[in-house]
Number of protein chains: 2
Amino acid sequence: MRKSVTILDIAKVVNVSPATVSRVLSNSNYPVSAELRRKIKSAAKELNYTPNLLGRQLKTNNSMTIGIIIPSISNPFYSSIVLGVEEIARANSYQVLLCNSHQNVNLEKQFLQTMLEKQVKGVIISSISAEKNFLRQFSDKGICVISIDQHREGEDIYQINYDYRKGGFMAANHFVECGHTKIAFVTAPLDRPSRIHMFRGFRDALRESRILFKDCYLQISETQESTNYNSNFEFDNGKRLARQLMELSERPTAVLACNDLTALGFIYELNLLGIRVPDDVSVIGFDNIDFSNISMPPLTTVDHPKYEMGKFSCSMLFQVLNGENVNVTEIVLQPKLVIRSSVRVL
Amino acid sequence: MRKSVTILDIAKVVNVSPATVSRVLSNSNYPVSAELRRKIKSAAKELNYTPNLLGRQLKTNNSMTIGIIIPSISNPFYSSIVLGVEEIARANSYQVLLCNSHQNVNLEKQFLQTMLEKQVKGVIISSISAEKNFLRQFSDKGICVISIDQHREGEDIYQINYDYRKGGFMAANHFVECGHTKIAFVTAPLDRPSRIHMFRGFRDALRESRILFKDCYLQISETQESTNYNSNFEFDNGKRLARQLMELSERPTAVLACNDLTALGFIYELNLLGIRVPDDVSVIGFDNIDFSNISMPPLTTVDHPKYEMGKFSCSMLFQVLNGENVNVTEIVLQPKLVIRSSVRVL
DNA sequence: CTGTTAGCGCTTTCAA
DNA sequence: TTGAAAGCGCTAACAG
């Protein structure tokens, strides 16, 4: 590969200053005569010029790149978010660096640091960290961070959240309305705001209905550390939870899972164990991922507007980056019950 | 935000030259006295120094970033690939720019151009372009491009491919072995190598078995241009294909779908239409995505090692970038039949 | 309208 | 083992 051609080469050929070349080739609106414009452009084409954006970036201190940090792209919940983010980024001529944190706080921190060093001006993150002001530390260093999905309590930072409590509440209530009283929540460990709030909503709904069921909470027992987190992970959790359920002395008739993937695995295993859904056990999932209606029976679930969350967060990011007045610093998206066929009416 | 601190600031504080500071802070193995090393490091910490990688990148002409271009991240087939790519990239301290081409050739071209300008040294791409030497043009400009999944005929370029023909062949043969004779292929348009080869294998298998069925090929009729390509897209294709199937004068008893998502949509719609799988119609999918075994019945499918494809391609990329001798320029991954419960034995 | 010039922050010869 | 200095490719203030 030969030496690459720069604006200097073009300047020489056309016999103008590099400044003029820069002005036309960078699409600045600085006045340049039509004559020179034409010449410079044709010379650029002639020489097969490819601008080196690193030069511009160093000068303007703008990398035209944003970052997104999520647990795992192979989880369809997050890939929907990323799709939305990338769409808005592209509309703004930005590109996105994808970081899978694999639920690892140290990795999250490392990614954030790298974003800082690469002069990424904005990052969208669904953080698993419980550390107080964890994200604030980074936004203080001059990077705009938008937290999504996982509510950051009392942290002064831009947030796009989702009302998990209400979602859990609605789901539990739906069970109650359908006549269920033995209602359980099956979940991965409550190690993050989303699940905690979901469970609270669930519990509150049961309390309000004066329903008490001793085994109303079932958590995955073995914590499987997986460096290679993929969608099977949650699905397998669901399968294991189904097996745990079998060992209960008194079995619930209705089960809310912490997400659709878990619900799907749960139903899958139940089928294998000869337990019918919804005849024997009713199930509600959470998130309404695309796949939630391909199970048999189609899954009743609580909708989460993930794609929109991706778009909103990225739009907000650009508003901030463009110095627009952003007076709303937190948005809370709303749940919606999607009734399909996995809940039996008693 | 105040002016950021640079190695110059540190140099002043410690009273050494910026060169020395650079040498210790960039982890070069250049000899620097332990004394200065310590002082410089502590000063860096003191001043809360964050290196600006743009400076280094411009100088060394290495952006420590690779790109991946795929149709859509919301398709679980591609998100598995991306997961593998990101894993290897991270192991090499690189990061990955994610580009969704939405099956749009112009977008692909645009992304490739941007990669070039951003001085990305390597890109992995599942290209939908049929243009001859499309990728070669870019690799000639000094970027290492690795083509994955879509075989590039006669193009001198690194490729990680998959034997779609054999996969199609195996699937069709399985139907034959199970006693089927009315066998059909349902698919989105054959606009790319993967589907074309898959269909060829399918057809060849039937020919060898001297099976001839007039409606053995069913293609999605309305081409739905979607700027917002998500996993529902393929799923909906499957649903529509199921409806098209109903209108056939003579219905096949066995159907191979061009991918699992399509198969899943196909089965879903069949269920709604009161047609039982596999009792009335047997179905084989393709790719073996995580979700292919959550359908009812669990889908028999042809495995595609997508995650490994992502890892292999990225490993190959780094071999090339590191100047290692890469004498194998094409790898072809092999299909494997995964028998579950969606095929009836006649 | 056009050119001169001084960097952006960093690395890397080369000389000491 | 350290420092001086040039320069990666580009932009932008300033002067003309």
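A note on names: the letters A, B, ... follow the listed sequences, proteins ahead of strands, and every chain is numbered from 1.
- Residues satisfying the side chain to side chain contact (heavy atoms under 4.5 Å, CB included) test with A:E117, not counting sequence neighbours, are A:Q113, B:T50, B:P51, B:L53.
- Annotation: side chain to side chain donor-acceptor pair (under 3.5 Å) contacts involving residues 19-36 of chain A, sequence neighbours excluded, comprise A:S17-A:T20.
- Per the geometry, CG belonging to B:L8 stands 12 Å off C1' belonging to D:dA4, to the nearest Å.
- For A:K132 and A:E155, the salt-bridge test fails: no basic side-chain N is under 4.0 Å from an acidic carboxylate O.
- The side chain to side chain contact (heavy atoms under 4.5 Å, CB included) check on A:E324 picks up A:Q319, A:N322, with sequence neighbours excluded.
- Contact annotation for A:L53: no contact, since no heavy-atom pair falls under 4.0 Å across all strands.
- Rounded to whole angstrom, the span from the CD1 atom of B:I10 across to the C1' atom of D:dG3 amounts to 17 Å.
- Ranked by how close their nearest DNA chain D nucleotide is to the 5' end, A:L58 and B:P31 are led by B:P31.
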Would you list the atom pairs, donor with acceptor, under 3.5 Å between side chains in residues 8-16 of chain B and any protein atom, with sequence neighbours excluded?
residue, atom, partner, partner atom, Å
B:D9, OD2, B:T6, N, 2.7

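- Not counting sequence neighbours, the partners of A:V320 by the side chain to side chain contact (heavy atoms under 4.5 Å, CB included) test are A:C144, A:Y158, A:V326.
- Taking five base pairs at each end of the helix from C:dC1-D:dG16 to C:dA16-D:dT1 and finding the rotation axis that steps the C1' atoms of four pairs onto the next four gives two axes whose angle is 40°, to the nearest 10°.
- The side chain of A:T6 contributes no N or O atom lying less than 4.0 Å from OP1 or OP2 of D:dG9.
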Side-chain donor-acceptor distances from residues 118-128 of chain B under 3.5 Å, at least two apart:
residue, atom, partner, partner atom, Å
B:K118, NZ, A:M64, O, 2.9
B:K118, NZ, A:T65, OG1, 3.0
B:Q119, NE2, B:N61, OD1, 3.1
B:K121, NZ, B:Q119, O, 3.1
B:S127, OG, B:E108, OE1, 2.7
B:S127, OG, B:S129, N, 3.0

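- Every salt bridge (Lys or Arg N to Asp or Glu O under 4.0 Å) that A:E131 has, sequence neighbours left out, goes to A:K109.
- Panel note: side chain B:N92, backbone B:I88; a donor-acceptor pair is recorded below 3.5 Å.
- Taking A:F111 as the reference, nothing meets the ring-ring contact (aromatic ring centres under 6.0 Å, His included) condition, with sequence neighbours excluded.
- The separation between A:K12 atom NZ and D:dC10 atom P is 13 Å, rounded to whole Å.
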Under a 4.0 Å heavy-atom criterion, the protein footprint on nucleotides 11-16 of chain D, written with B, S and -, is BBBB--
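- Mapping heavy-atom proximity under 4.0 Å, the span of DNA chain C touched by chain B runs 5' to 3' from C:dG9 to C:dC14.
- Scored by the side chain to side chain contact (heavy atoms under 4.5 Å, CB included) test, A:N106 finds A:N104 as partners (sequence neighbours excluded).
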